[in-house]
Amino acid sequence: GECKEAGVGFASYSFDELDEVEGLVDKCWQSVGQGGRTEEKLVERWKLILDRYQEQPHLLDPALPKLLGSLLKLIRTHEDKKQLRITSILLYHLIKVRGHKNVVRHFPHEVEDLVFVLDLLEGQGQDAVWEIKFILILWLSIIVIIPFQMARFDSGEREPTANRILSICQNQLTAYDKSKDAASYLASKFLSRPDTKDTHLPNFIQWALNLATKDGAKDNDVTGGLTALAAVFKHTKREDLLPYASNILTTITQSRIKQHHNTYVRKCALKVVQRIGLVFLKVKVASWRYQRGSRSLTINVEGKVDANQNGKADFDSGNDCENEEEYDVPEEIEDVIEELLTGLKDNDTFVRWTAAKGVGRVTGRLASCLADEVVSSLLQLFSDRETDSAWHGGCLAVAELGRRGLLLPDRLQAVIQHISKALVYDERRGSCSVGSHIRDAACYVCWAFARAYDPEVLKPHIHEIATKLLVVTSFDREVNCRRAAS
């Protein structure tokens, strides 16, 4: 029955099981404490239904307000920990499928909720399941943005409210479960408030930096500190972070995090570095970028694009930087780009992909001449002296630049020469060969270019690209490369 059902392909146009899901919410408390695995069966049925929508999570949106209202009402009125536990488990799986950013906006955030959630969260002991802490911290993250001074909620009997919230964040950032992610999100939202950015932000940043870089720190503590810094740099205003950016960058680059054995630590470190780079640069859309008319492959191939938009494809990348909006680019940007380019050579794809996205984001805020220097440095990765990791990272970064319109048409000739080599990259090592991941990434570059550029721009290179793709489609040993090329 259920095991076979889970493996069946699924596609739908609406949330068909809404009535059954609402029934499970109504019965969840009744299942607590009953024999015959009643509670376990209810939770498994809940997960089975929602898991079907992991590829179509948007279908849950119309039902979210009602489901969340019912589940949060149960949290408000629970009488024991068993009721709170099963409610939190159901709510967490709903958040897992739909994503916390889409779900948290439906959480209630009235003034009275702050005291209730904070007290309930502080009352959870060490034996509490992590789903309870995750839900309550996530709920608190939207409550703390209420437009009232936190000092108004203080009483002489207890510690100030702001200190209580930060204490929860710091405790959970060293936890070994998903509540760590919720805690970093809560910290970033709380510290972006006008009444906390001057009093609590500096101390928290220093605490997180020390946690991430101190000698002999556990991997879990390092990731907790880096995750907190990455979240704070994502949600806090640029002007508030500028005084601390240079010190954090220097501390991270001089530490041994880049050579850390843990892949996730290196990934988080690169994420912090790229966000520091974005803090150094003003927020703007590059006026020099290639403006394609549409991301649709069909529209691009058929040429159904506005003449005005097509005309922007002929932008001359040789324009002087004098024509750009003039502002000083800090010297630290060189260090940021160097770290990201080094990250493209990392041994793990996880880290290389983060570095590639960082290169794209930072390059999009540079002047055209500086961005062209980044492209030149990037093309040096496609050298016979470089490792297969560098080739793969280079392909990912090139695709990211092309997708964002940051690779101008006059650079395509040089880039496509390297991509043609990457499409047939195969290096023999002992009794095996290396290169399938590079060929797959090169196919992704071709996919990105087809959607990013006007047909007239790609026309001189179509024969070369198509020939290599046809060879990969027909003769490559790896099925994922044949599928990507086709």
Side-chain angles (χ1 to χ4, degrees), residues 256-271 273-274 337-360 362-363 374-403 406-407 411-450 461 464-486:
R256 298 180 180 179
I257 291 181
K258 291 184 293 183
Q259 293 82 33
H260 203 281
H261 65 276
N262 190 314
T263 302
Y264 190 65
V265 168
R266 301 198 303 275
K267 185 241 186 188
C268 289
L270 273 181
K271 184 178 287 189
V273 167
Q274 67 162 279
I337 293 175
E338 182 181 351
E339 292 293 323
L340 294 174
L341 291 175
T342 303
L344 293 174
K345 305 177 185 180
D346 194 273
N347 292 329
D348 287 281
T349 304
F350 197 41
V351 181
R352 295 196 292 270
W353 182 237
T354 297
K357 290 189 287 187
V359 169
V362 173
T363 304
V374 174
V375 175
S376 299
S377 301
L378 187 59
L379 294 182
Q380 293 177 9
L381 297 178
F382 299 100
S383 167
D384 294 335
R385 297 188 300 273
E386 291 289 356
T387 63
D388 59 290
S389 297
W391 276 72
H392 183 254
C395 287
L396 294 178
V398 165
E400 190 70 15
L401 292 178
R403 195 174 63 83
L406 304 174
L407 192 63
R411 275 289 193 177
L412 279 180
Q413 180 63 44
V415 169
I416 288 177
Q417 287 179 359
H418 295 302
I419 300 303
S420 297
K421 294 180 181 179
L423 282 168
V424 292
Y425 188 100
D426 193 30
E427 181 182 342
R428 190 165 186 81
R429 291 184 182 176
S431 59
C432 62
S433 62
V434 174
S436 61
H437 58 312
I438 297 173
R439 300 195 296 275
D440 185 58
C443 292
Y444 170 57
V445 174
C446 298
W447 177 91
F449 282 4
H461 316 290
E464 183 178 1
I465 295 175
T467 303
K468 292 294 175 63
L469 286 175
L470 185 59
V471 170
V472 176
T473 302
S474 304
F475 303 112
D476 199 282
R477 292 188 302 273
E478 306 297 333
V479 63
N480 63 303
C481 294
R482 296 198 299 271
R483 186 186 296 116
S486 63

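Being a predicted model, the structure only gives us computed values, none of them experimental. Computed over heavy atoms, backbone and side chain alike; hydrogens, waters and symmetry mates excluded.
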Rounded to the nearest 0.5 Å, how far apart are CG of Leu401 and CG of Leu396? 11.0 Å

Quick check: do His392 and Thr349 have side-chain heavy atoms less than 4.5 Å from each other? yes

Here the pair of heavy atoms bringing Gly360 nearest to Leu406 is O-CD1, 3.2 Å

Closest heavy-atom pair, Leu469 versus Ala485, reported as atoms and distance to 0.1 Å, is O-CB, 3.7 Å

Can you tell me how far the CD atom of Glu338 sits from the CG atom of Leu341, to the nearest 0.5 Å? 8.0 Å

Which value, rounded to the nearest 0.5 Å, describes the distance between Thr363 atom OG1 and Ile337 atom CD1? 6.0 Å

Does any non-hydrogen side-chain atom of Ser433 lie less than 4.5 Å from one of Arg477? yes

Is there a side-chain contact between His461 and Cys446 in this structure, where contact means two heavy atoms from C-beta onward sitting under 4.5 Å apart? no

Is it the case that atom NZ in Lys421 sees more than 12 heavy atoms from other parts of the structure closer than 6.0 Å? no

Would you mind reporting whether Val445 and Leu423 have side-chain heavy atoms less than 4.5 Å apart? no

Nearest 0.5 Å please: distance from the NZ atom of Lys271 over to the OG1 atom of Thr354. 6.0 Å

Counting only N and O atoms by type, is there a donor-acceptor contact under 3.5 Å from the side chain of Asp348 to the main-chain atoms of Phe350? no

List the atom of Leu270, the atom of Ala355, and the distance in Å for their closest heavy-atom pair. CD1-CB, 3.8 Å

Is there a side-chain contact between Arg266 and Asp346, using heavy atoms and a 4.5 Å cut-off? yes

Looking only at heavy atoms, the pair that brings Cys395 and Phe382 closest together is N-CZ, 3.6 Å

Might you work through the side chain to side chain contact (heavy atoms under 4.5 Å, CB included) test for Asn347 and Thr387, ending with a clear yes or no? CA-CA 10 Å; Asn347 292 329; Thr387 63; over 6 Å; no

Do Val398 and Phe449 have side-chain heavy atoms sitting under 4.5 Å apart? yes

CD of Glu386 to CG of Asp388: how many Å apart, nearest 0.5 Å? 10.5 Å

Cys481 versus Val472, closest heavy-atom pair with distance: O-CG1, 3.7 Å

Testing the basics here: between Ile257 and Ala269, what is the closest heavy-atom pair and its distance to 0.1 Å? CG2-CB, 3.2 Å

Rounded to the nearest 0.5 Å, how far does CD1 of Ile438 lie from SG of Cys443? 12.0 Å

How are the rings of Tyr425 and Trp391 set relative to one another: parallel (under 30°), tilted (30 to 60°) or perpendicular (over 60°)? tilted

Checking Arg352 side chain against Lys345 main chain: does a donor-acceptor pair fall under 3.5 Å? no

Just by distance, no angles: are the side chains of Arg439 and Ser436 close enough, under 3.5 Å, to form a donor-acceptor pair? no

